[in-house]
Novice: 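This is the structure, below, for whatever I ask next.
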Number of protein chains: 2
Amino acid sequence: MATRSSGLSGLEGNRQVGRLAPVRRASTVDLIAERLREAVVDGSLPPGTVLGEAELAYQLGVSRGPLREAMQRLTAEGLLVIPRRRGLAVRTMTIEDVRDIHWLRARIEPELGRRILTLPPAERRTVLAELGAEVKRMQRALKKDDARALGDAYLDFHRVLAVWGGSLRLARMLGTLLIETRLCTFSMFEHFEVHRDLVPEHVAFVEALAAEDGERFDLLVQAHLEAEVRRLLAEPEDSKEDESDRLHAETPDEPQPLDRLDLPEGL
Amino acid sequence: MATRSSGLSGLEGNRQVGRLAPVRRASTVDLIAERLREAVVDGSLPPGTVLGEAELAYQLGVSRGPLREAMQRLTAEGLLVIPRRRGLAVRTMTIEDVRDIHWLRARIEPELGRRILTLPPAERRTVLAELGAEVKRMQRALKKDDARALGDAYLDFHRVLAVWGGSLRLARMLGTLLIETRLCTFSMFEHFEVHRDLVPEHVAFVEALAAEDGERFDLLVQAHLEAEVRRLLAEPEDSKEDESDRLHAETPDEPQPLDRLDLPEGL
DNA sequence: GATAATCTGATTGTCGACAAACTTACAATA
DNA sequence: TATTGTAAGTTTGTCGACAATCAGATTATC
């Protein structure tokens with residue numbers, strides 16, 4: 001993925017000779033958290049997975065202390081859930097979550113496009129180039145019917161939007177939302193699905209940005225996200241009925257599935 | 001503050017007799033995190049404070065393990081910063097942060113109002129009542145010139161918006177943003193400041209909602225947040241010049257202030 | 001036969017300790 | 001006098017262990 005610049009140095013025009021960016025070694029906790037995020041994203045830890053601390057710590061080659069710290073971080077991000085005295089579980093997204101996540105993205109991503117259009121021309125060209133590259137990745141993946149690669153390119157496409165169009169804070173938020181999006185996919189389907197529409201939709205995104213048409217970009221993104229929700233919830237073009245109890249029917253009266261409870265009550 | 005309902009039970013029409021919400025005892029980590037958040041909000045840990053783990057753990061009456069876990073959580077929320085081998089520091093917000101936070105809030109809060117207007121009338125009345133109560137608190141605080149109380153009521157007012165207008169995820173996000181807003185105040189001023197405009201602005205919010213005028217609410221919130229940024233950055237009505245180096249001038253060439261670096265590189 | 005009580009095994013939550021790393025201060029040299 | 005090298009002290013990062021707690025299975029009782 002494209003990292004704009006490390007640390008705080010990205011302020012335009014502040015480039016001073018001899019001023020080096022501070023070195024920042026990642027702590028063990030960072031490493032573990034990153035590893036867990038990867039595992040969640042690439043599906044090696046599907047939603048609902050319940051893991052023991054000791055076992056997981058052994059696999060990662062660390063002791064339980066740093067692992068527990070990393071768990072707390074991932075919990076705050078909403079990817080993990082810590083049922084008391086049962087280790088950790090990968091969060092399972094509900095229909096509500098799907099709607100919520102995409103609603104939030106629809107609130108944020110159009111603005112990113114608008115912001116990108118206000119960048120100086122040189123940077124804007126860079127963004128377009130990076131976005132174009134991701135689209136090419138998507139096309140290649142589609143040709144090979146490689147759903148995994150397609151999904152990854154999709155994630156990176158939107159990450160590029162976040163990194164260039166947003167602040168650090170916004171990029172972080174959207175990054176989390178994107179991982180959650182992936183979790184939605186895993187939660188709703190057994191396997192990846194190849195959505196052929198995805199590629200033309202993203203081609204249109206880039207075209208709208210190239211044409212400096214923020215308004216069109218806005219509409220396209222909205223449409224894409226709505227379509228995405230429809231695909232995830234497997235609603236046909238016109239929703240037939242309220243599907244909010246389809247999933248409830250799966251868990252008729254059991255106490256709680258162990259991984260959809262327990263968001264930390266962070267205020 | 002007003003808590004809508006604990007856990008997952010807030011789904012309308014799902015009220016089943018005999019179905020109890022699961023009990024959820026807060027873990028030690030939860031308690032510590034909550035305590036730290038409080039301390040940040042009420043100003044007993046002003047931005048830039050650097051604390052040693054051992055000392056802090058002793059004060060809280062816990063060992064370093066749980067404390068470190070709580071630290072990670074607060075770090076993920078952006079309130080704390082963990083410089084390597086220097087304990088923990090309360091984050092200092094920069095001018096960029098002020099703009100960013102309020103930009104995000106301006107993206108989210110108007111939508112909350114719109115959502116609240118779609119609630120069933122009974123619930124909507126409750127919301128209006130709660131909001132009205134917070135405004136009354138603000139008025140009382142203003143009369144006593146109690147900046148602290150005014151600020152607290154302000155926070156709770158917006159928390160009510162988040163709880164009723166948003167999902168769990170959204171409420172959590174906005175909750176964090178609100179704490180960060182408070183951190184902005186502490187970062188920019190030495191002490192609380194009483195903003196007399198705050199009260200009429202919030203009265204207008206409630207009126208707009210009571211009149212079911214989402215459009216007006218939107219505009220009012222935008223205006224309020226812009227005014228808030230102006231107040232925080234102490235820009236007079238028309239910004240005279242680029243103030244982005246005013247703060248840089250405070251820290252001319254020192255390496256880094258120890259608490260504005262090091263956001264976790266969360267994807 | 002079903003429900004309740006008991007027991008056991010395993011896992012977590014917490015703590016204390018050790019060693020490595022870093023900061024600060026001091027001294028030596030150019 | 002300024003700068004670099006050295007050393008001591010402090011704090012963190014990590015680990016191992018203990019004990020309380022909980023889940024599951026077994027047994028007893030109605």
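First the proteins, then the strands, lettered A, B, ... as listed; each starts at 1.
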Novice: Consider the side chain of B:E53, meaning its heavy atoms from C-beta on, and name the nucleotide among D:dT12, C:dT12, C:dC15 that approaches it most closely.
Specialist: D:dT12

Novice: In whole Å, I'd like the distance from the CZ atom of B:R68 to the P atom of C:dC15.
Specialist: 15 Å

Novice: Select from A:G61 and B:A54 the residue whose nearest nucleotide in DNA chain D is closer to the 5' end of that strand.
Specialist: B:A54

Novice: Separation of B:L88 atom CG from D:dG13 atom C1', in whole Å?
Specialist: 15 Å

Novice: Once you apply a heavy-atom cut-off of 4.0 Å, does A:V29 come out as touching a base, just sugar-phosphate, or nothing?
Specialist: nothing

Novice: For B:D97, which residues count as a salt bridge (charged side-chain N to carboxylate O under 4.0 Å, His left out) partner, sequence neighbours excluded?
Specialist: A:R169, B:R91

Novice: Can you tell which of D:dG13, C:dC15, C:dT12 lies closest to the side chain of B:P66?
Specialist: C:dC15

Novice: Send over the distance from B:L67 CG to D:dT12 P, rounded to a whole Å.
Specialist: 10 Å

Novice: Report the residues that fulfil side-chain contact (heavy atoms from CB on, under 4.5 Å) with B:A133, sequence neighbours left out, ordered by chain and then residue number.
Specialist: none

Novice: May I have all residue pairs that pass ring-ring contact (aromatic ring centres under 6.0 Å, His included) and include part of residues 31-53 of chain B, sequence neighbours excluded?
Specialist: none

Novice: Using a cutoff of under 3.5 Å, can you pull out all pairs of nitrogen or oxygen atoms linking the protein to nucleotides 20-23 of chain C, with atom names and distances?
Specialist:
{"unit_1": "C:dA21", "atom_1": "O4'", "unit_2": "B:R85", "atom_2": "NH2", "d": "3.3"}
{"unit_1": "C:dC22", "atom_1": "OP1", "unit_2": "A:R25", "atom_2": "NH2", "d": "2.7"}

Novice: Could you tell me the separation between the CZ atom of A:R64 and the C1' atom of C:dG16, rounded to a whole number of Å?
Specialist: 15 Å

Novice: What is the separation between atom OH on B:Y58 and atom P on D:dT11, rounded to the nearest whole Å?
Specialist: 16 Å

Novice: Please table the atom pairs, donor to acceptor, closer than 3.5 Å between any side-chain atom in residues 56-67 of chain A and protein atoms at least two apart or in another chain.
Specialist:
{"unit_1": "A:Q59", "atom_1": "NE2", "unit_2": "A:E55", "atom_2": "OE2", "d": "2.9"}
{"unit_1": "A:R64", "atom_1": "NE", "unit_2": "A:E53", "atom_2": "OE1", "d": "3.1"}
{"unit_1": "A:R64", "atom_1": "NH2", "unit_2": "A:E53", "atom_2": "OE1", "d": "3.2"}

Novice: Between A:R107 and A:W103, is NZ or CZ placed under 6.0 angstrom from the six-membered ring centre and within 45° of the ring axis?
Specialist: yes

Novice: Using a strict cut-off of less than 4.0 Å between a Lys/Arg side-chain nitrogen and an Asp/Glu carboxylate oxygen, indicate whether A:R73 and A:D30 qualify as a salt bridge.
Specialist: yes

Novice: Mind calculating the distance between CD (A:E69) and P (D:dC15) to the nearest angstrom?
Specialist: 11 Å

Novice: For A:G52, which contact category applies under a 4.0 Å heavy-atom criterion: base, sugar-phosphate, or nothing?
Specialist: sugar-phosphate

Novice: Just the rounded figure in Å: distance from P of D:dT11 to CD1 of B:I82.
Specialist: 17 Å

Novice: Between A:E55 (CD) and C:dT12 (C1'), how many Å, whole number?
Specialist: 15 Å

Novice: In chain order, what residues pass the side-chain contact (heavy atoms from CB on, under 4.5 Å) check against A:V98, with sequence neighbours excluded?
Specialist: A:H102, A:C184, A:M188, A:V229, A:L232, A:L233

